[in-house]
Number of protein chains: 2
Amino acid sequence: MAKMIDVAKLAGVSVATVSRVLAGSGKVSKNTKEKVERAMKELNYKPNKLARNLRKLESKTIVVVIPDISNPFFTDVIRGIQQVAQQHDYYVLLGDTGNDVKAELDFIDLIKERAADGVILVTARTSPEKILEIAQEVPLVVACEYIKGAHLSMVTIDNVSSSQKVVDHLVSLGHRRIGFISGPLNVIISRDRLKGYVSGLKKHGLEQDSSLIQEGDFTISSGFESANRLLDLAEPPTAVFASNDEMAIGTIKAIKNRGFQVPGDIAVVGFDDIQIATVIEPALTTVSQPKFEIGRCTMEILLELIQNPSTRQEHVVLPEHLVIRESCGYPLVR
Amino acid sequence: MAKMIDVAKLAGVSVATVSRVLAGSGKVSKNTKEKVERAMKELNYKPNKLARNLRKLESKTIVVVIPDISNPFFTDVIRGIQQVAQQHDYYVLLGDTGNDVKAELDFIDLIKERAADGVILVTARTSPEKILEIAQEVPLVVACEYIKGAHLSMVTIDNVSSSQKVVDHLVSLGHRRIGFISGPLNVIISRDRLKGYVSGLKKHGLEQDSSLIQEGDFTISSGFESANRLLDLAEPPTAVFASNDEMAIGTIKAIKNRGFQVPGDIAVVGFDDIQIATVIEPALTTVSQPKFEIGRCTMEILLELIQNPSTRQEHVVLPEHLVIRESCGYPLVR
DNA sequence: CTGTTAGCGCCTTCAC
DNA sequence: GTGAAGGCGCTAACAG
């Protein structure tokens, strides 16, 4: 493996000059530049990133910490991140934690070991205090989740208002008894979606019935079980709003399982708009998050933060929209 | 950010000693070891990986090149890779190429720049010759795809025999007219699955009818279109074997779209066993690939190759199995 | 058991 | 416009 000095010798110049043409910086005469380039080609020279990184004390790498890479929601976010990263010559290190807080912290530590220049937390299991503390020391951006009142860079949608929009939609379809399946309530976005649901009811003068609210954990099976509890009610809902698509799918299964129709008997709405939402029958009406864009935006903010660590922290709220498909039918009169 | 020399000074020893306790190597008296550890803790010292990497001329990083990270099939493989990587203190760099050959080559180049110690190609768009050439120079393992007669480390399932098993199954259910939707035929695994289908027919004395074979491109929509062509036949098949789950889903949609039942009127089988296969209705009978295990195995082989580049190349064939769900019904007499 | 020292390959002042 | 030289922080001989 040829190194810079080999190129320098072959081209009859010093390593400094080679370094200059490599960086495209400084003044190098056209002539020597060509000589050097010829030598590089002849030796098939590739600069050693290990050496460069040490010299510049940067790794040109960022780490993306996610709870589970097999969750399709996250992969779209990652694609957005990687796209921007690539454009700026950054590499993406994968930090799949398997929902383990310890692993999450370990990946964050990569920055302190200089193996990464920044970190993106796609949702965070670590405590808010800890994250804030870490964010003081290293470039860090949180995507999809947010931490209340924190001086922290975050990119999310507005979970409250988007949930409220779902209720609006359901009410406009004539529903007045709307069930809600929340995510784990220790997660802020779950609470926000619940909040949007509640304020949506209030807005339309509907009474809140706590038996209509069930807590799930974002899995299909928890959606199935929660939906069953809803169906067991003396007066079951005519529509169910699940806090993510997986639980909405579980809900649909539960409803069909009892011989009812979706949306004929009960309407269902999901959240996230993952690919399965278009495949399931009936196709799911759901809140579409701009996943790819969230990734892109997050990475752009991180890049700024890396270049200028004192950049003001900001919370970017990206627009989402309700995608109306089949699972709650179309406007009609009940 | 404290460095080694700071720790050394505080502990009153030399950097060599600090390095030794860090590596857990060499002989260090219990006493000095404790002194050093205390100093490290006090300074909150983290060794600088950049420096270590340069010194040892290794990056402790491997790059996983995949065509598209939003494909659920790949994410399970990646999880397997990452698990083993983590156990061995390796990091995983994400190389999502977006199906671009140029990007694929660029990621492979990371090794020559010493930014990675090895590469895993999860499927390969680059030409076999090129890959072979590269594999001569750098530690490289190919997963899920294989290159015929090549001296190359690969981890796959047996696509031929598994496809044949599908035909066996379908025949045992009484089907004698079986349609086949292949993947793009410039990809070896597509050809292998086709080969298995053909030999399966032959084995059971069924004639091969080329109109029953349609080429798709592994997408849902191509499955839909291919299935439609099959359904347009004067004598349509009573069963359709699609070369992956996405196309099987497209097939189911096409069949339902014409008012037929699955499996009542036409049976459908897929390949891969991705999560959607369990969610779709009817749940898909499909060939289950050990995706996670493929990832694990691939990473283990790569690790060997990195440690000892002259390791004999090997082609590991992992066992797959047919998962019988609802989409082709259960044994019955026609 | 512990310290000294010479690099790993590159970038970047500082001279000229 | 070009060269010389000093590190970046760490590890691995080699001494002692």
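Protein chains get the first letters and strands the later ones, always in sequence-line order, with residue 1 at the start of each. Just so we're clear, the structure is a prediction, and the values are computed from it rather than from any experiment.
Between B/Leu54 and B/Val15, the one whose closest nucleotide on DNA chain C sits nearer the 5' end is B/Val15. Heavy-atom nearest nucleotides on DNA chain D were determined for B/Ala23 and for B/Leu50, and the one closer to the 5' end corresponds to B/Leu50.
OP1 or OP2 of D/dT2 sits under 4.0 Å from a side-chain N or O of A/Thr32. At the phosphate of D/dG9, neither OP1 nor OP2 sits under 4.0 Å from any side-chain N or O atom of B/Tyr45. Of the side-chain N and O atoms in A/Ser19, none sit less than 4.0 angstrom from OP1 or OP2 of C/dT12.
C/dC8 atom P lies 21 Å from atom NZ of A/Lys49, rounded to whole Å. Atom C1' of nucleotide D/dC8 and atom NZ of A/Lys56 are separated by 13 Å, given to the nearest angstrom. Here D/dC10 presents its C1' atom at 15 Å from NZ of B/Lys60, a figure rounded to the nearest Å. Atom NZ in A/Lys46 sits about 17 Å away from atom P in C/dG9, given to the nearest Å. One atom, CG of B/Asn53, and another, P of D/dA12, lie 12 Å apart when rounded to the nearest Å. We find that NZ of B/Lys33 is positioned 12 Å from P of C/dT2, with the value rounded to whole Å. D/dG9 atom P lies 15 Å from atom CG of B/Leu22, rounded to whole Å. Rounded to a whole Å, the CG atom of A/Asn48 is 18 Å from the P atom of D/dC8.
The side chain of B/Val28 approaches C/dT2 more closely than any other nucleotide in the set C/dC10, C/dT2, D/dT2. Picking from D/dG3, C/dC10, D/dA12 the nucleotide with the shortest atom distance to the side chain of A/Ala16 gives D/dG3. Comparing C/dG3, D/dG1, C/dC10 by their closest approach to the side chain of B/Ser14 singles out C/dG3. When distances are taken from the side chain of A/Arg20 to each of C/dG9, C/dT2, C/dT13, the shortest belongs to C/dT13.
Residue contacts shown for B/Val13 are limited to sugar-phosphate atoms, with no base heavy atom under 4.0 Å away. Within the 4.0 angstrom heavy-atom criterion, only backbone atoms of the sugar-phosphate kind lie near B/Thr17; the bases stay farther away. The residue B/Met4 sits close to a base: some heavy atom pair falls under 4.0 Å.
With B/Gln83 as the fixed residue, the side-chain contact (heavy atoms from CB on, under 4.5 Å) test singles out one of B/Gln86, B/Gln87, B/Arg79: B/Gln87. Checking each of A/Arg52, A/Lys60, A/Lys49, A/Lys3 against B/Glu113 for a salt bridge (charged side-chain N to carboxylate O under 4.0 Å, His left out) leaves exactly one that passes, namely A/Lys49.
B/Ile5 CD1: 12 or fewer foreign heavy atoms inside a 6.0 Å radius. Dense packing is recorded around CD of A/Gln313, with more than 12 heavy atoms of other residues, nucleotides or ligands lying under 6.0 Å away.
Taking the side chain as every heavy atom from C-beta outward, A/Val317 and A/His315 approach each other to under 4.5 Å.
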